[in-house]
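Each chain gets a letter, A, B and so on, in the order its sequence line appears, and its residues count up from 1.
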Protein chains: 2
Amino acid sequence: MVRVSDKRERLLGAARDLIHRHGFKPTTLADIARASDVPLGNVYYYFKTKDDIAAAVIHGRDAELRAFMEGCQRKTDPRERLIAYLEMPATSREAIAAYGCPVGSLCQELDKDPSPLAQQANTLLATQLGWVTEQFRAMGRNDAEDLGVQLMTSLQGMSVLANALADPTVVDREVARLRAWLTTLSPIGEI
Amino acid sequence: MVRVSDKRERLLGAARDLIHRHGFKPTTLADIARASDVPLGNVYYYFKTKDDIAAAVIHGRDAELRAFMEGCQRKTDPRERLIAYLEMPATSREAIAAYGCPVGSLCQELDKDPSPLAQQANTLLATQLGWVTEQFRAMGRNDAEDLGVQLMTSLQGMSVLANALADPTVVDREVARLRAWLTTLSPIGEI
DNA sequence: GTCTATAATACGATAGAC
DNA sequence: GTCTATCGTATTATAGAC
């Protein structure tokens with residue numbers, strides 16, 4: 001077993017955390033290097049540019065999201081899958097109130113200046129929207145797209161509000177409401 | 001009538017626009033100066049610091065929001081006030097899809113690094129939340145706070161999603177849904 | 001692969017002439 | 001009040017020794 005340096009992973013972990021907490025632009029390479037205990041100049045051995053670090057962080061978020069969705073997918077009832085999906089924000093309540101949604105806030109920041117990086121981040125939201133819409137469709141709803149948008153807007157909106165009010169109970173309230181909504185939602189058709 | 005220079009207003013207008021489109025940090029004083037046709041060094045005659053410009057922009061947004069809410073307030077039925085309030089995002093659909101909500105996206109950016117400026121921006125969202133909650137209360141709903149949070153999260157979430165998907169129809173769909181929801185919402189009590 | 005030193009640039013802010 | 005020139009600093013990125 002070849003023991004290779006874990007510097008790349010340390011850099012990615014620190015970048016992931018710092019970007020969530022302070023945003024992409026305000027996070028400097030010196031910040032990432034310091035938090036990873038890697039000398040500044042050495043960062044460029046692992047990543048060509050700062051954008052490359054963000055791209056790798058986004059790729060990692062994509063893998064995590066897909067893994068979580070696959071976990072939910074083990075439930076046979078699509079309604080139960082969506083309810084299980086709510087556990088993600090529910091368990092991140094403090095982080096959301098403190099720093100916002102790691103995906104949504106990054107998209108909002110990067111979309112202010114269109115770039116390949118911004119497109120890559122937007123894909124994270126689009127992927128989640130696609131998955132939840134698929135579940136509503138599996139429930140037999142012919143308004144699955146509307147319901148998917150409705151669920152995703154609620155999740156993103158509660159993050160913005162919880163962050164602005166610095167109040168994690170906004171997450172609690174909205175998750176509880178969404179759970180109740182999903183539970184009582186008619187399984188077939190529209191209305 | 002003393003005709004004074006309108007440079008300060010030009011600077012504020014340009015800053016307001018540029019901050020919405022590109023964010024606060026990415027917007028440079030040189031950008032604001034150029035868009036206002038004011039020499040860079042002259043900016044400091046009107047504003048001591050860059051933060052002071054943002055503070056003035058936020059103050060202007062606050063005045064606009066209060067004026068709009070007072071306009072809605074002319075309706076006697078609180079339900080009609082809330083429906084009128086939906087006209088604000090409805091008429092800004094393209095700008096929201098292109099740059100996000102001017103208030104929400106600014107809060108998300110500034111909250112990444114707590115400061116007096118961030119608190120000032122958060123107040124804009126808190127003010128709106130307070131106003132819509134007040135309307136639900138005037139309808140006789142004892143769950144007015146929950147409904148207020150629900151409405152504000154929907155508005156903020158649709159902006160995040162419309163921006164990430166670069167799709168103004170997300171705004172159309174959500175505004176239509178909220179209008180229908182408000183229209184059929186029972187005027188008294190809970191459920 | 002690792003690290004120090006530094007180049008190159010961008011930006012907020014100021015000095016000072018007019 | 002207005003404007004040019006510029007300072008000081010922060011930050012991305014590179015050069016080059018080890």
Side-chain angles (χ1 to χ4, degrees), chain A residues 1-58 106 109-110 112-118 120-121, chain B residues 1-58 106 109-110 112-118 120-121:
Chain A
M1 167 176 156
V2 182
R3 186 70 178 88
V4 284
S5 161
D6 62 343
K7 283 185 183 174
R8 193 191 148 92
E9 284 165 39
R10 292 212 309 274
L11 287 166
L12 269 184
R16 186 190 120 102
D17 184 45
L18 289 167
I19 289 172
H20 180 201
R21 283 165 43 190
H22 303 304
F24 174 62
K25 183 149 191 181
T27 296
T28 70
L29 291 171
D31 291 336
I32 297 171
R34 185 169 354 97
S36 315
D37 206 29
V38 169
L40 177 56
N42 200 3
V43 171
Y44 287 90
Y45 176 76
Y46 296 96
F47 300 97
K48 259 196 289 291
T49 66
K50 189 189 177 187
D51 275 22
D52 280 0
I53 298 182
V57 167
I58 293 170
L106 183 61
E109 181 189 352
L110 297 182
K112 293 287 183 180
D113 188 32
S115 68
L117 207 54
Q120 196 185 338
Chain B
M1 166 176 152
V2 182
R3 186 69 179 91
V4 283
S5 162
D6 62 343
K7 281 185 182 174
R8 191 191 148 92
E9 284 166 38
R10 292 212 310 273
L11 287 166
L12 269 185
R16 185 190 121 104
D17 184 45
L18 288 168
I19 290 173
H20 181 200
R21 280 164 48 190
H22 303 304
F24 174 62
K25 181 149 194 183
T27 297
T28 69
L29 291 170
D31 291 337
I32 297 171
R34 187 171 350 100
S36 315
D37 206 29
V38 169
L40 177 56
N42 200 3
V43 172
Y44 287 90
Y45 177 75
Y46 296 97
F47 300 96
K48 259 195 289 289
T49 66
K50 191 189 176 188
D51 276 21
D52 280 359
I53 298 181
V57 167
I58 292 170
L106 183 61
E109 181 190 349
L110 298 182
K112 293 288 182 180
D113 189 31
S115 69
L117 207 55
Q120 197 183 340

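For A:K25 and D:dA10, the shortest distance from a side-chain N or O to OP1 or OP2 is not below 4.0 Å. Put simply, B:Y45 has no side-chain N or O that comes within less than 4.0 Å of OP1 or OP2 on D:dT2. Applying the 4.0 Å criterion to OP1 and OP2 of D:dT2, one finds that B:K7 has a side-chain N or O inside that range. Phosphate contact (OP1/OP2 of D:dG1, side-chain N/O of B:Y46, threshold under 4.0 Å): absent.
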Side chain to side chain contact (heavy atoms under 4.5 Å, CB included) between A:F47 and A:L29: does it pass, once the steps are laid out?
-> CA-CA 11 Å; A:F47 300 97; A:L29 291 171; over 6 Å; no
Could you walk me through whether B:L106 and B:V57 pass side chain to side chain contact (heavy atoms under 4.5 Å, CB included), step by step?
-> CA-CA 11 Å; B:L106 183 61; B:V57 167; 5.7 Å; no
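Taking all atoms of both residues into account, the shortest heavy-atom contact from A:D51 to A:L117 is O-CD1, 3.7 Å.
A salt bridge is defined here as a Lys NZ or Arg NE, NH1 or NH2 lying under 4.0 Å from an Asp or Glu carboxylate O, and A:R34 with A:D37 fails to meet this definition.
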Paired and unpaired positions of DNA chain C as dot-bracket, Watson-Crick or G-U wobble under 3.5 Å, | denoting a partner strand | ||||||||||||||||||
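For the pair A:H22 NE2 and D:dT11 C1', the computed distance is 16 Å after rounding to whole Å.
Distances from the side chain of B:T49 to the nucleotides C:dT2, D:dT4, C:dA13 place C:dA13 closest. Side-chain proximity of B:Y44 to the nucleotides C:dT2, D:dT2, C:dT14 is greatest for C:dT14.
No side-chain heavy atom of B:V43 sits under 4.5 Å from any side-chain heavy atom of B:I32.
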